There are 2 protein chains.
Amino acid sequence: MENISHNKKYKALMETGRRLFWKHGFRRVSVEEVCEEAKVSKMTFYKYFPNKFELAKAVFMEVVGKGVTDFKSIMAADLPVGEKMHRLILTKVEGTNEVSREFLADFYLGAEPELKEFVEKTTTEVWNELIKDYRKAQEEGMLRNDFKPELLLKIATKLVELLKDESLLAMYDTPQDLLLEFTNLLVYGVAPHSSHEK
Amino acid sequence: MENISHNKKYKALMETGRRLFWKHGFRRVSVEEVCEEAKVSKMTFYKYFPNKFELAKAVFMEVVGKGVTDFKSIMAADLPVGEKMHRLILTKVEGTNEVSREFLADFYLGAEPELKEFVEKTTTEVWNELIKDYRKAQEEGMLRNDFKPELLLKIATKLVELLKDESLLAMYDTPQDLLLEFTNLLVYGVAPHSSHEK
DNA sequence: ATTAAATATACGAATTACGTATAAAAATAT
DNA sequence: ATATTTTTATACGTAATTCGTATATTTAAT
């Protein structure tokens, strides 16, 4: 069991690091803060990572890598748009997708340029793939035409954040019910509609 | 012209302070940072505010006060739900509504308890008023019944954040067009519908 | 020209953050 | 049970931030 990346504490640091860096960026988050929230002592932190920057780098690479894979496999599948949307949101919930603007902002100022290049290429690549997919769905009449697919993606991303809202979750039996509500909203809106009425 | 609150620099500090505090909370934002972003020198900052805490307090009171007034006047108006939703989002865009959880988290740790009480009372008050309103709309058949109004409010709040997304804004002639798109989505969804087809 | 407002710069003091060293405690393996 | 590894608690020195102020200069308004 010498694979460091499967270590419990290591994973806790990565997870907490991602959460905090994603939200507040690099400089606003301290090593001590990450340790506290991850319930890992500072010593073990420095056992796994030589410094704060390397944690951020590791987090970043993992997120982007995993995100791209997930995205692509969903998009490659032969599924109806609604189902794809559903799964897309699901993977976002798992928290591996999207690169926080806040994070990029000050993390990159001190990073190697190759990192930046790699990421920007892969993200826009996936992004375009998604948009193409929605465009096709529009042509097939599954989505209304006066709607920019780019907008839909951004909206989906935003809605994902709500899936962690406790007061909302308390209103539903399971998180899946809330998620279902989201997809329903995106597809049908709040207006009454015959095919979906209770 | 001795009214300090109409001063240009004062307003810049309040505006920047709100933006940063809202996003990152109290402790993560420094006075120098606020000054830089607001393009105000540190000296003038300390001319208007004795310290960082007082800025946060001023920002907070202004936001809550203005937010409540706006909310109430919209809700009191005799308008269709769609129009109310539209205006609600508009006022949110102006940035005076909602109290950031991040901000409350560490700002309140050092604040007077009376502030906390005041705010919690007024916010839940307004919140309930809104929900009541949407419930009424549901009973009148303007919204589908299998939809919790609380969710709609949270969603609206999230969507507002997208109204500042530059890449999205670039796709529309005016910000109003993007806003219109949001309300359309909320009401009709992305599915094709006869009454709204292009 | 006079006055008021805003800035640039630098400063000391306090706090925070970084990364390391040491020794104790907890968990795991033998 | 004993040995070994892993994690922790604590403290430390150093560096960087941040706070709030002091002083001198610039800009803008009257």
Side-chain angles (χ1 to χ4, degrees), chain A residues 1-60 102-103 105-112, chain B residues 1-60 102-103 105-112:
Chain A
M1 205 190 279
E2 56 194 10
N3 191 347
I4 193 179
S5 63
H6 289 70
N7 183 288
K8 197 172 158 188
K9 297 288 174 179
Y10 176 90
K11 271 159 52 177
L13 288 172
M14 290 284 279
E15 169 53 33
T16 309
R18 189 186 54 72
R19 210 187 70 241
L20 291 177
F21 286 144
W22 246 232
K23 174 133 204 195
H24 297 293
F26 183 69
R27 76 192 149 91
R28 293 185 140 94
V29 177
S30 75
V31 173
E32 263 122 355
E33 190 181 0
V34 174
C35 289
E36 277 172 31
E37 298 238 348
K39 299 225 187 328
V40 173
S41 79
K42 208 159 83 161
M43 280 313 298
T44 30
F45 176 97
Y46 282 105
K47 185 184 170 186
Y48 291 128
F49 305 97
N51 52 48
K52 180 173 147 190
F53 185 81
E54 289 302 317
L55 168 64
K57 207 162 117 183
V59 162
F60 182 76
E102 205 68 33
F103 181 57
D106 53 9
F107 172 65
Y108 266 160
L109 294 182
E112 298 98 18
Chain B
M1 206 191 279
E2 57 192 10
N3 191 348
I4 192 179
S5 62
H6 288 71
N7 183 288
K8 197 173 159 188
K9 297 287 173 180
Y10 176 91
K11 270 159 53 177
L13 288 172
M14 290 284 279
E15 168 54 32
T16 309
R18 188 185 55 71
R19 210 186 70 241
L20 292 177
F21 285 144
W22 246 230
K23 174 134 204 191
H24 298 292
F26 183 68
R27 77 194 148 92
R28 294 186 140 94
V29 177
S30 75
V31 172
E32 261 122 357
E33 192 181 359
V34 174
C35 289
E36 275 171 34
E37 298 238 350
K39 299 223 191 311
V40 172
S41 79
K42 208 157 81 160
M43 280 313 297
T44 27
F45 176 97
Y46 282 105
K47 184 182 169 187
Y48 291 129
F49 304 97
N51 52 48
K52 182 172 145 190
F53 185 81
E54 289 302 316
L55 168 65
K57 208 162 117 183
V59 161
F60 181 77
E102 205 68 33
F103 181 57
D106 54 8
F107 172 65
Y108 266 158
L109 294 182
E112 299 97 20

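If you're wondering where the values come from, they're calculated on a predicted model, not measured in any experiment. Each chain gets a letter, A, B and so on, in the order the sequences are listed, and its residues count up from 1.
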What pair of heavy atoms forms the shortest contact from [X] to [Y], and how long is it?
| X | Y | answer |
| --- | --- | --- |
| A:Trp22 | A:Phe60 | CH2-CD1, 4.2 Å |
| B:Lys9 | B:Tyr48 | CB-CE1, 4.0 Å |
| B:Gly17 | B:Val59 | C-CG2, 4.4 Å |
| A:Phe45 | A:Val40 | N-CG1, 4.3 Å |
| A:Leu55 | A:Leu13 | CD1-O, 4.1 Å |

[X] [atom1] - [N] [atom2] separation (whole Å):
| X | N | atom1 | atom2 | answer |
| --- | --- | --- | --- | --- |
| A:Arg28 | D:dT17 | CZ | C1' | 13 Å |
| A:Tyr46 | C:dG19 | OH | C1' | 5 Å |
| A:Lys11 | D:dT6 | NZ | P | 17 Å |
| B:Phe53 | C:dT15 | CZ | C1' | 18 Å |
| A:Tyr10 | D:dT8 | OH | P | 16 Å |
| A:Leu13 | D:dT7 | CG | C1' | 12 Å |
| B:Glu54 | D:dG20 | CD | C1' | 14 Å |
| A:Arg27 | C:dC18 | CZ | P | 13 Å |

Review point. What is the nucleic acid contact for A:Thr44, judged by heavy atoms within less than 4.0 Å: base, sugar-phosphate only, or nothing?
Key: base
Between [X] and [N], is there a side-chain N or O to OP1/OP2 distance below 4.0 Å?
| X | N | value |
| --- | --- | --- |
| B:Lys47 | C:dA6 | yes |
| A:Asn7 | D:dT7 | yes |
| B:Tyr48 | C:dA6 | yes |

Point to revise | Polar pair under 3.5 Å, donor/acceptor by atom type, side chain B:Lys42, base D:dG20 | key: yes
**Study point:** Which residue lies more 5' along DNA chain D, comparing B:Glu32 with A:Met43 via nearest heavy atoms
**Key:**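 In this pair, the answer is A:Met43.
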**Study point:** Minimum-distance nucleotide (side-chain atoms of B:Val31 versus D:dT8, C:dC18, D:dG20)
**Key:**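 The closest nucleotide is D:dG20.
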Revision key, fill the gap. Ranking C:dG19, D:dG20, D:dT7 by distance to the side chain of A:Lys52, first place goes to C:dG19
